[in-house]
Asker: 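Below is the structure I would like to discuss, written out as structure tokens.
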Amino acid sequence: MKIGILGSGLMGAKLGTIFARAGHEVVFSYARSEQKLKRLAREAGKNAKAGTPREAAEDADVVLLAVHWSRVNDVLKQAGDLAGKIIITCSLPMDEENTELVVGGKSSGAEELAKKVPKTAVVQAFNTVPSEVLFGVFEARKKSKRPSLIICGDDAKAKDVAAGLIRDVGFDPVDVGPLQMARYSEPFTMLIAKIAYEGDGGPELAYRFEWYS
Ligand SMILES: NC(=O)c1ccc[n+]([C@@H]2O[C@H](COP(=O)([O-])OP(=O)(O)OC[C@H]3O[C@@H](n4cnc5c(N)ncnc54)[C@H](OP(=O)(O)O)[C@@H]3O)[C@@H](O)[C@H]2O)c1
């Protein structure tokens, strides 16, 4: 799969690296330094390269949106036409200080994003775990008990593609339904962040749903 990374920070750099190591073709884009993008591509191996947001998006089957909420419009403008693409967003609608959600209740960041990118299939995933846990989950992917990862979206085929990528990283996808469910998953992330960054166990935290039926 060809994956364009829009936003190569804590989330985008790690997920792009894992996708490349899992065999996908990855283009890292949108950082403040081109050198950083080149270094990430080098470290991620032969399947990765650096590019502009437009280059990352143009041939991509899947685009990962991993920027601060305040940068969404800018990166989308730079990426150009995304019609027909699957957009996986881990971006949360946070304020500048990263302390509060600025969208919630009757909408969500994922739904507001979907309005900005018509003719695309938006899937929300990877937003409910801290970046610090991603490499650890990837390293542990052969173990039988995998952590869960909430996924939502309105396009079943796009969710299937996203679920495959989620499995490649080492999570067990839990499809909670339409994109509207992001109204609940985004505040859930605030709870996860509280445990990860203020709890005693540290930020290398994932979660797992268990059924006893
Ligand atoms: N971090 C987490 O654990 C986590 C977990 C769940 C969800 N999220 C959400 O995921 C999204 C990404 O988070 P993150 O922590 O990965 O953010 P981040 O580390 O700040 O990465 C954002 C990327 O955007 C780039 N960028 C920022 N301003 C730019 C500009 N003016 N021009 C070009 N590039 C610019 C940054 O460049 P540089 O590389 O040069 O800084 C970086 O590559 C956010 O919406 C966040 O709320 C994060």
Side-chain angles (χ1 to χ4, degrees), residues 3-19 26-44 48 50-57 63-79 87-104 108-114 116-117 122-138 147-152 162 166 169 171 182 184-199 201-207:
I3 306 173
I5 307 292
L6 299 180
S8 298
L10 291 171
M11 293 297 283
K14 293 190 181 104
L15 285 171
T17 300
I18 292 170
F19 293 150
V26 168
V27 181
F28 289 102
S29 79
Y30 202 72
R32 278 163 286 211
S33 133
E34 206 185 323
Q35 290 316 311
K36 178 186 176 181
L37 295 174
K38 286 185 177 157
R39 177 181 54 77
L40 282 174
R42 231 178 12 252
E43 288 172 2
T52 63
R54 191 169 295 269
E55 288 164 346
V63 165
L64 176 76
L65 183 74
V67 295
H68 189 270
W69 192 242
S70 60
R71 307 304 316 170
V72 168
N73 288 342
D74 183 52
V75 78
L76 289 178
K77 192 167 158 222
Q78 290 193 38
I87 302 182
I88 300 180
T89 179
C90 69
S91 301
L92 292 164
M94 301 298 293
D95 62 5
E96 288 289 344
E97 292 76 32
N98 280 320
T99 51
E100 276 179 39
L101 291 168
V102 295
V103 182
S108 60
E111 290 166 274
E112 294 307 308
L113 168 69
K116 295 176 195 280
V117 282
V122 174
V123 178
Q124 190 191 53
F126 299 112
N127 59 302
T128 51
V129 286
S131 69
E132 287 85 347
V133 82
L134 294 170
F135 283 138
V137 170
F138 185 59
S148 307
L149 193 82
I150 291 172
I151 169 176
C152 64
I166 289 168
V169 178
F171 291 99
Y184 305 118
S185 59
E186 288 171 4
F188 172 71
T189 306
M190 302 298 281
L191 187 68
I192 295 288
K194 175 93 182 154
I195 302 168
Y197 298 115
E198 294 176 40
E204 287 174 42
L205 170 81
Y207 56 89

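Read the numbers this way: they start at 1 and go in the same order the structure lists the ligands and their atoms.
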Asker: Using a heavy-atom cut-off of under 4.0 Å, does the side chain or the backbone of Asn127 touch ligand 1, or both, or neither?
Answerer: backbone
Asker: Ala66 to ligand 1: N or O pair under 3.5 Å?
Answerer: no
Asker: Would Val75 count as a contact residue for ligand 1, given that I'm defining contact as a non-hydrogen atom of the residue lying under 4.0 Å from a ligand atom?
Answerer: no
Asker: Sub-3.5 Å donor-acceptor pair from the side chain of Ser8 to the main-chain atoms of Leu37, do we have one?
Answerer: no
Asker: So for atom CD, which belongs to Glu34, do other residues, nucleotides or ligands contribute more than 12 heavy atoms lying within a distance under 6.0 Å?
Answerer: no
Asker: Can you name the atoms of ligand 1, numbered from 1 with element, that are less than 4.0 Å from a heavy atom of Val129?
Answerer: 5 (C), 6 (C)
Asker: Could you tell me if the side chain of Met94 sits less than 4.5 Å from the side chain of Met190, heavy atoms only?
Answerer: yes
Asker: Side chains of Leu92 and Trp69, heavy atoms from C-beta outward: is any pair under 4.5 Å?
Answerer: no
Asker: Mind checking whether Leu10 has an N or O less than 3.5 Å away from an N or O of ligand 1?
Answerer: yes
Asker: Check for a donor-acceptor pair, side chain of Glu55 on one end and backbone N or O of Val27 on the other, with a separation under 3.5 Å.
Answerer: no
Asker: Geometry only, no angles: is Gly7 polar-contacting ligand 1 at N/O separations under 3.5 Å?
Answerer: no
Asker: As an exercise, identify every atom of ligand 1 less than 4.0 angstrom from a heavy atom of Pro130.
Answerer: 3 (O)
Asker: Can a protein heavy atom be found under 4.0 Å away from atom 32 (N) of ligand 1?
Answerer: yes
Asker: Side chain or backbone, does Glu132 bring an N or O within less than 3.5 Å of an N or O on ligand 1?
Answerer: no
Asker: Any N or O of Ser131 that comes nearer than 3.5 Å to an N or O of ligand 1?
Answerer: yes
Asker: Output the list of atoms in ligand 1 that are nearer than 4.0 Å to some heavy atom of Lys36, sorted by atom number.
Answerer: 38 (P), 39 (O)
Asker: Can you check which of Arg71, Glu186, Gln78 brings a heavy atom nearest to atom 28 (N) of ligand 1?
Answerer: Arg71
Asker: Does the pair Val169 and Phe126 meet the rule for a side-chain contact (heavy atoms from CB on, under 4.5 Å), with working shown?
Answerer: CA-CA 10 Å; Val169 178; Phe126 299 112; 3.9 Å; yes
Asker: Can you list the steps and then say if Val67 with Val72 is a side-chain contact (heavy atoms from CB on, under 4.5 Å)?
Answerer: CA-CA 6 Å; Val67 295; Val72 168; 3.8 Å; yes
Asker: Tell me the nearest of Arg32, Glu34, Met11 to atom 36 (C) of ligand 1, using heavy-atom distances.
Answerer: Arg32
Asker: Using modelled atom types only, decide if a donor and an acceptor are shared between the side chain of Ser29 and the backbone of Ile5 within a distance under 3.5 Å.
Answerer: yes
Asker: Decide whether an N or O pair under 3.5 Å exists between Phe126 and ligand 1.
Answerer: no
Asker: Find all atoms of ligand 1 within a distance of less than 4.0 Å from any non-hydrogen atom belonging to Cys90, and give their numbers and elements.
Answerer: 7 (C), 8 (N), 9 (C), 10 (O)
Asker: Please answer whether the main-chain N or O of Ala110 pairs with a side-chain N or O of Thr89 as donor and acceptor at a distance below 3.5 Å.
Answerer: no
Asker: Does any N or O atom in Tyr30 lie less than 3.5 angstrom from one in ligand 1, N or O only?
Answerer: yes
Asker: Do Val137 and Pro147 come close enough that some side-chain heavy atom pair is under 4.5 Å?
Answerer: yes
Asker: In this structure, does ligand 1 have an atom that sits under 4.0 Å from one of the heavy atoms of Tyr197?
Answerer: yes
Asker: Answer yes or no: does an N/O atom from Thr128 fall short of 3.5 Å to an N/O atom of ligand 1?
Answerer: no
Asker: When you measure from atom 45 (O) of ligand 1 to every protein heavy atom, which one gives the shortest distance, and what is it?
Answerer: Val67 O, 2.7 Å
Asker: For the 3.5 Å polar cut-off, considering only N or O atoms, please tell me whether Ser8 and ligand 1 meet it.
Answerer: yes
Asker: Which residue supplies the protein heavy atom nearest to atom 23 (C) of ligand 1, what is that atom called, and how far is it?
Answerer: Gly9 N, 3.8 Å
Asker: Given 3.5 Å as the limit, does a donor-acceptor pair link the side chain of His68 with the main chain of Asp95, or not?
Answerer: yes
Asker: For atom 46 (C) of ligand 1, what's the nearest protein heavy atom and its distance?
Answerer: Leu92 N, 4.2 Å
Asker: Just checking Glu132: does its CD atom have more than 12 heavy atoms from other residues, nucleotides or ligands closer to it than 6.0 angstrom?
Answerer: yes
Asker: Do Asn73 and Lys116 have side chains that get closer than 4.5 Å, going by heavy atoms?
Answerer: yes
